[in-house]
**Q** 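Submitted below is the structure of interest, expressed as structure tokens.
Both counts, for ligands and for their atoms, begin at 1 and track the order of listing.
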Amino acid sequence: MGGDGSKNKDSASLVKRRSLSCDQGFLSVPAQLVHHSVFRRSAQHREDPVSNQSRPSDSNPEGPRLEFISSFLPEFPQSFTGHKHLQILGFVAKGSFGPILKVKDVSTDETYAIKVLSKAEVLRNGVLQQSKEEVIIQRQVRHPFLLSLRDCWQSQSNLFIMCDYCSTGDLYTYWSLKGRFDERDVRVFAAELGSALGFLHDFGIMHRDVKMENILLTDKGHLRLTDFGLSRRLEHGDRAFTICGTIQYMAPEVLSGGPYSHAADWWSLGILLYALATGGFPLPAEADHGDMLSSVSECPYDMPDNLSPALAFLLIELLCKIPTRRLRCLELFQSQKFFHGMSFDSQLLQKSPIEPILELKNHPDRPERSMRGLSLDLLQNFECDLQNSPSNPADLSPT
Ligand SMILES: Nc1ncnc2c1ncn2[C@@H]1O[C@H](COP(=O)(O)OP(=O)(O)OP(=O)(O)O)[C@@H](O)[C@H]1O
């Protein structure tokens, strides 16, 4: 068993940090800073030749401001007018480059989440192209188990990405409270996430960061896969090489620097289902991707005795170290014995609530658990962010 997934460390350049969830306005002393996603900058340049372009230059006094806007066009337009109806209700979390806000459209009474990204931070970290790619991809995909993008735009200092708001929080928080889920619930999560991955792959997109923290939950406890920050377009038959993802979820072919393809997302799904069903990861997180690769290569991935044969077989198929022999398509996934008698229709899947999620929603430890791994320093920075980020609707306005 590999622990609780809170020891992830980066292997190379780190571009994403753990978010601070403070939906409940709960400010207790957090445990430790956790780094989740890793990213190799040199490899990124192979796939993303423009990632370091368009930094604002200081040489031309007129230039920086214009460049500071045009660099983010056309993906982040300046012409969004819906902000006039948006009222900020609170802060949900701290993302890598700014806060996540909860807002209400007063004209429709709908609630949304807005991810705010500081333009300066985006440029400083060389993730301009990655941020654009995130919205290009999320704008294109519409599926019942993917979080929908509603709009995105820019102001003078910030980028805004508006999505549906998921009030229940993320799956990691519930897993950390519950330990392990019954196979009945694992089956529904597996069907929903498998459907989302099958759709994404057929659409020519690889997610590359499937993990519990990136799964938000609806009021009834059904999942919405989110965070396309590491996703990329990849047609069937194409190969990628960037070492990225979250170390405990990364397939051996990703850890070794590729070539890899969509099959790596199915490996991550296998790790996630293993953790949900057993309460622990198959292996602890290692300090870097080289050590993690050694550890994964040596691990026989024996299944605990308490798993049903059908689930154990599914996990063995997903955690096959040879990607070409791995279970890696939705049709074969659906036909697994573990799903016998179950419909993959999205409405039928979501008909009944996931009881353990609803039971834990008001658990007194939930707000604190959702803040996992954040230091008091970050909390103080977060307060700064509160002041510097849009605190009134006018600041959400385009430039
Ligand atoms: N639509 C939403 N509804 C509710 N909560 C959300 C929503 N989007 C994001 N969050 C919360 O904000 C957190 C961070 O969001 P997200 O992962 O998209 O940001 P990020 O900047 O990529 O952060 P990280 O680097 O931690 O992944 C999520 O784990 C979740 O708790």
**Q** Under 6.0 Å between the ring centres of F344 and F339?
**A**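 Centroid separation for F344 and F339: below 6.0 Å.
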**Q** Please compare D227, N214, L147, D170 and report which has the shortest non-hydrogen distance to atom 27 (O) of ligand 1.
**A**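 Ranked by closest heavy atom to atom 27 (O) of ligand 1, first place is D227.
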**Q** Please confirm whether T226 comes within less than 3.5 Å of ligand 1 when only nitrogen or oxygen atoms on both sides are compared.
**A**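 It does not: no N or O of T226 is found under 3.5 Å from an N or O of ligand 1.
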**Q** Where is the tightest heavy-atom contact between E133 and S231, given as atom of each residue plus distance?
**A**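 Answer, listing the atom of E133 first, then S231: CG-O, 4.2 Å.
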**Q** Taking the six-membered ring for Trp, are F68 and F72 parallel (under 30°), tilted (30 to 60°) or perpendicular (over 60°)?
**A**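 It falls in the perpendicular class, over 60°.
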**Q** Checking contacts here: is it the side chain or the backbone of D164 that comes within 4.0 Å of ligand 1, counting heavy atoms only? Could be both or neither.
**A**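 Answer for D164: backbone.
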**Q** Below the 3.5 angstrom mark, is there an N/O of I100, backbone or side chain, next to an N/O of ligand 1?
**A**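 No; every N/O pair is 3.5 Å or more apart.
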**Q** Please identify which atoms of ligand 1 are closer than 4.0 Å to at least one heavy atom of A113.
**A**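 Near A113, the atoms of ligand 1 are 1 (N), 2 (C), 3 (N), 7 (C).
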**Q** So, D105 and S107: side-chain donor and acceptor under 3.5 Å apart, yes or no?
**A**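 D105 vs S107: donor-acceptor pair found between side chains.
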**Q** Can the positive tip of R239 be found less than 6.0 Å from the middle of the six-membered ring of Y260, inside 45° of the ring normal?
**A**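 Output no; distance or angle outside limits.
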**Q** Is it the case that Q350 and K220 place a side-chain donor and acceptor less than 3.5 Å from each other?
**A**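 Not at all, the side chains of Q350 and K220 share no donor-acceptor pair under 3.5 Å.
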**Q** Which one holds for S96 and ligand 1: side chain close, backbone close, both close, or neither close, with close meaning a heavy atom under 4.0 Å?
**A**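 Within the 4.0 Å criterion, S96 contacts ligand 1 through backbone and side-chain atoms alike.
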**Q** Under 3.5 Å, N or O to N or O, is K115 touching ligand 1 that way?
**A**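 N/O-N/O distance under 3.5 Å: yes.
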**Q** My understanding is that we take every heavy atom of each candidate and find the minimum distance to atom 30 (C) of ligand 1. Doing that for L216, V92, L149, which one comes out nearest?
**A**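 Selected option, by shortest heavy-atom distance: L216.
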